[in-house]
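All values below were derived from every heavy atom in this structure, side-chain atoms included, with hydrogens, water molecules and symmetry-related copies excluded. Letters A, B, ... mirror the listed sequences (proteins, then strands); counts begin at 1.
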2 protein chains.
Amino acid sequence: MTKETEERLARSWEIFRKFLITKDLRVTGQRRSIFKAIFALPDHFTAEDLLERARKIDETVSRATIYRSLPLLNESGIVREVDVGHDSKFYAVNRRSENFKAQVICVDCDKIFEVDAPFMEWYGKTVSENLALDVKSQRLQVHAECPGKREEKTCPKGN
Amino acid sequence: MTKETEERLARSWEIFRKFLITKDLRVTGQRRSIFKAIFALPDHFTAEDLLERARKIDETVSRATIYRSLPLLNESGIVREVDVGHDSKFYAVNRRSENFKAQVICVDCDKIFEVDAPFMEWYGKTVSENLALDVKSQRLQVHAECPGKREEKTCPKGN
DNA sequence: GTGCTTGCAAAGACTTTGCAAACTT
DNA sequence: AAGTTTGCAAAGTCTTTGCAAGCAC
């Protein structure tokens, strides 16, 4: 683990810890283990992925605690939900100062790629102004197929 | 029911009927009843809504048949899925020659409003060109709150 | 008659929850 | 000590599926 990664992790943990304290919640071992596990996972993961990884760190972590923790991690901004509609929800680490991201979901290999969609900020404003609504969140998803790649099961960004 | 509505319904039914025949599927009473029920429902409905309505037309319609019919109705273009991520899927009648629609989901009352988002066509093309992907579908959803309306539980477009 | 369809109830996938024991503060 | 959190297993929600009887063609 690089020094930068370590520092980022420490900063994130500090954020989550304070979030818990502010909400009068306890800083437990399981919450800490789940937090750590997130940063050892690939970009997008499910509750089940997280359970599996967290148990490698602390075998007492249960599925229930994973499901009880994910809303907290989301609320605190550590992760963000990426709901692609089918099956279970995905989660991703929420990197600070990120532009708005759209998800490109490959119908061949089911992988999720995140691409910048800066115009969504403008779109949010447009909705706010025209409909007099207070925009809370937006999502933009594109389901696409890699032409000619279906047979080989290879994807543009390399599997 | 106006004459135009009746005609539209007849045209849609013809489309669905031909779809079934082409696929070597049977034109059954239940499928017909489910088809009819769709047009007696509000803009957005769930499988359960459809079951309830269809049973008023034909009490032999079962939940299983609803779930087995919805993919056919979607494939044939009669309805389109509107997946808002939480709970169950919604469906909407797919009116011909519609522009691309974004969904504005009110966090106060959970209602779904569809608004034109013509620029999404351009966005799809951009993705196709830049990433060399064949775009199959897109969705754009905005979760928003009506400021000051929370207490009254009233929403911008009435109810 | 052949083969798709149906309703039923059971199974499935994913998530939530009640409870008593264990832990944080 | 007080009040939160935990794991477990059971319950819940939405959807799918196996099966034998029934229907469309």
Side-chain angles (χ1 to χ4, degrees), chain A residues 13 16-37 44-76 79 81-91 110, chain B residues 13-14 16-37 44-76 79 81-91 110 112:
Chain A
W13 171 249
F16 188 47
R17 211 176 59 81
K18 279 179 185 151
F19 170 86
L20 291 174
I21 293 170
T22 307
K23 289 236 160 186
D24 257 315
L25 302 173
R26 273 84 205 260
V27 181
T28 66
Q30 286 89 341
R31 280 174 181 160
R32 168 109 224 207
S33 304
I34 291 168
F35 173 88
K36 279 193 206 157
H44 296 89
F45 56 88
T46 63
E48 202 61 28
D49 296 335
L50 183 53
L51 173 62
E52 200 182 323
R53 199 68 191 63
R55 278 190 164 155
K56 287 189 184 159
I57 297 170
D58 173 356
E59 60 173 18
T60 76
V61 172
S62 73
R63 185 169 283 103
T65 300
I66 294 285
Y67 278 107
R68 285 191 274 233
S69 297
L70 280 168
L72 299 175
L73 289 156
N74 186 47
E75 249 192 280
S76 66
V79 303
E81 283 186 16
V82 180
D83 197 316
V84 300
H86 310 304
D87 310 317
S88 42
K89 276 180 191 159
F90 283 84
Y91 295 85
D110 271 343
Chain B
W13 171 248
E14 216 29 48
F16 188 47
R17 212 176 59 80
K18 279 178 184 151
F19 170 86
L20 291 174
I21 293 169
T22 307
K23 289 234 162 191
D24 256 314
L25 301 173
R26 273 83 206 260
V27 180
T28 66
Q30 286 91 339
R31 281 175 180 160
R32 168 110 224 204
S33 303
I34 291 169
F35 172 88
K36 278 194 207 157
H44 296 90
F45 56 89
T46 63
E48 202 60 28
D49 296 336
L50 183 53
L51 173 63
E52 199 182 322
R53 200 68 191 65
R55 278 191 164 152
K56 287 189 184 157
I57 297 169
D58 174 355
E59 60 174 17
T60 75
V61 173
S62 74
R63 187 169 282 104
T65 300
I66 295 285
Y67 278 106
R68 286 190 273 234
S69 297
L70 280 169
L72 299 175
L73 289 156
N74 186 47
E75 249 192 279
S76 65
V79 303
E81 284 185 16
V82 180
D83 197 318
V84 299
H86 310 303
D87 309 317
S88 42
K89 276 181 190 157
F90 283 84
Y91 294 85
D110 272 343
I112 304 167

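- Listed by first then second residue, pairs satisfying salt bridge (Lys or Arg N to Asp or Glu O under 4.0 Å) with a partner in residues 48-62 of chain A read A:E48-A:R63, not counting sequence neighbours.
- Across all non-hydrogen atoms, the minimal contact from B:I66 to B:A47 is CG2-O, 3.6 Å.
- B:R32 has its CZ atom 18 Å from the C1' atom of C:dT5, to the nearest Å.
- Residue B:L51 contributes atom CG, which lies 13 Å from atom P of D:dC14 at whole-angstrom precision.
- Here the closest non-hydrogen pair linking B:S33 and B:I57 is O-CD1, 3.8 Å.
- Side-chain atoms of B:R17 do not come within 3.5 Å of backbone N or O of B:V27 as any donor-acceptor pair.
- Classification of the B:F16-B:F19 ring pair by plane angle, with boundaries at 30° and 60°, yields parallel.
- As a whole-Å value, the separation of B:I34 CD1 from C:dT5 C1' is 11 Å.
- A:F90 has its CZ atom 13 Å from the C1' atom of C:dC14, to the nearest Å.
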Worksheet entry | Per-nucleotide protein contact string for nucleotides 16-25 of chain C (B base, S sugar-phosphate only, - none; heavy atom under 4.0 Å) | BBB-----BS
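- Closest approach of B:E81 to B:N74, counting heavy atoms only: N-OD1, 3.4 Å.
- To the nearest angstrom, P of D:dC14 lies 15 Å from CD1 of B:I66.
- Atom CG of B:L72 and atom C1' of C:dT6 are 14 Å apart (whole Å).
- Summarising the geometry, the separation between CG on A:L70 and P on C:dC14 is reported as 15 Å, rounded to the nearest angstrom.
- Whole-Å rounding puts the A:D24 CG to D:dA2 P distance at 17 Å.
- Nearest-nucleotide mapping onto DNA chain D: of A:L20 and B:A47, the residue sitting toward the 5' end is A:L20.
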